[in-house]
Amino acid sequence: MNNSMQLQFKSISENEAFARVSVAAFVSQIDPTMNEITEIKTVVSEAVTNAIIHGYEEDPNQTVFIECEITDSTLSIVIEDHGIGIDNVDLAKEPLFTSKPELERSGMGFTIMENFMDKVNVISKPGIGTKVTLIKDFQTSKSLCN
Amino acid sequence: MNNSMQLQFKSISENEAFARVSVAAFVSQIDPTMNEITEIKTVVSEAVTNAIIHGYEEDPNQTVFIECEITDSTLSIVIEDHGIGIDNVDLAKEPLFTSKPELERSGMGFTIMENFMDKVNVISKPGIGTKVTLIKDFQTSKSLCN
Amino acid sequence: IGEIQRFIRDDGTVKVSRSLKEVGNKIRRAADELTKELGRVPTVQEIANKLELSPEEIIHAQEATKKPQSIHETVFE
Ligand SMILES: Nc1ncnc2c1ncn2[C@@H]1O[C@H](COP(=O)(O)OP(=O)(O)O)[C@@H](O)[C@H]1O
Ligand SMILES: Nc1ncnc2c1ncn2[C@@H]1O[C@H](COP(=O)(O)OP(=O)(O)O)[C@@H](O)[C@H]1O
Ligand SMILES: [Mg+2]
Ligand SMILES: [Mg+2]
């Protein structure tokens, strides 16, 4: 199966639920299990929230970009912002690391993404923005379960 | 309330359900009734199906574009294709008119759109494509109900 | 995440299509009850509140039970 979609929306936190459901509706086409869809929703939530809260510091006039592609049984989701970027990606990915403890962020966003997806790739430049690529092979996850 | 999103996807009929859910999830932010959501889903279905079946004649390598905007209580949805276009828009809008009777199309797509939305605007050029703009004022529909 | 977890059905290997259908049935029941209670068609938010889900999740689940197969079904049923 080969399919793709692109989505973009204003960086307001109300759009997080919309983005999560849209991606889930797209992914539904590969007939995932409930756990798989919950994981997809969770990682999209985390990445989109990061783009809005960290990347754009909640400026509602900015735009978040999502690209989803299904190639055979591999799903890739790219979440991109043209926001402040990340100085040190390795540090940002550390469990419990957060630059906004005052917002009661848990610092577990990237850890959750790495747990639920097969591959997480983060490209970021301060002042330019951040691009998070999430990849999951549904064939693998299925054969592992059986 | 002010919000907007854009969506694009391959012109394969599997994406019709995805488009419908995405738009409906976005529209759920303006607190619609269940009936209003069903109507929105139906008009998106009709317009997207037209783009895929008529505009692109089911060529899976083409792209359908959707733009949604909420300004105060007014929703606008634009569905666009760069497909074959429509020769005579007035004729195409006539109830029961269909150019593909062999596909068991009912010819009621535009009629349904006009019934469920406050305004339907079709701009089309043969060989260039078709742009359908659907507008609904949710304030009006609410005060009419009470 | 709490909301999402509430959305998970007991068994992780259940297909979304089936699981969403169950939630879809709950939505239909909730919609019927609220319609009687309120004397009008409920809003998506009212159903979301009753089932402790977000309006967006309601839309997603509702899709599983109510797929307009044909125009006639949608308009005339
Ligand atoms: N899109 C982004 N733009 C800028 N900084 C980001 C972005 N995503 C993540 N970060 C940085 O990485 C840190 C860790 O992210 P995460 O693991 O999701 O934890 P949290 O969001 O709870 O802080 C954030 O605190 C922030 O400093
Ligand atoms: N996006 C489009 N591109 C080209 N032609 C279109 C498009 N949308 C509608 N049409 C034309 O308008 C006619 C009427 O559309 P509609 O009312 O939806 O009925 P139906 O889809 O059942 O034919 C179609 O049969 C087709 O000829
Ligand atoms: Mg985070
Ligand atoms: Mg039609």
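Reminder, nothing fancy here: chain letters follow the sequence lines and each chain counts from 1. Because only heavy atoms are used, hydrogens play no part in the values below, and waters and symmetry mates are left out as well, while side chains stay in. Being a predicted model, the structure only gives us computed values, none of them experimental.
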Would you give me the side-chain donor-acceptor pairs under 3.5 Å for residues 57-64 of chain A, sequence neighbours excluded?
| residue | atom | partner | partner atom | Å |
| --- | --- | --- | --- | --- |
| A:Asp59 | OD1 | A:Asn61 | N | 2.9 |
| A:Asp59 | OD2 | A:Gln62 | NE2 | 3.1 |

Practice item. Name all pairs fulfilling the ring-ring contact (aromatic ring centres under 6.0 Å, His included) condition that reach into residues 89-125 of chain A, sequence neighbours left out, sorted by first residue then second. Key: none
Exercise for review: Answer yes or no: does atom NZ of A:Lys119 have more than 12 heavy-atom neighbours from other residues, nucleotides or ligands under 6.0 Å?
Suggested key: no
Check your understanding: If you count the non-hydrogen atoms of other residues, nucleotides and ligands that lie under 6.0 Å from NZ in A:Lys93, is the total more than 12?
Key -> yes
Review point. So which of A:Ser28, A:Ser22, A:Ala25 has the biggest tally of heavy-atom pairs under 4.5 Å with chain C?
Key: A:Ala25
Check your understanding: For A:Glu14, is it the side chain, the backbone, both or neither that has a heavy atom under 4.5 Å from a heavy atom of chain C?
Key -> backbone
Revision key, fill the gap. Nearest heavy-atom approach of A:Ala24 to C:His60 is CB-CE1, 3.7 Å
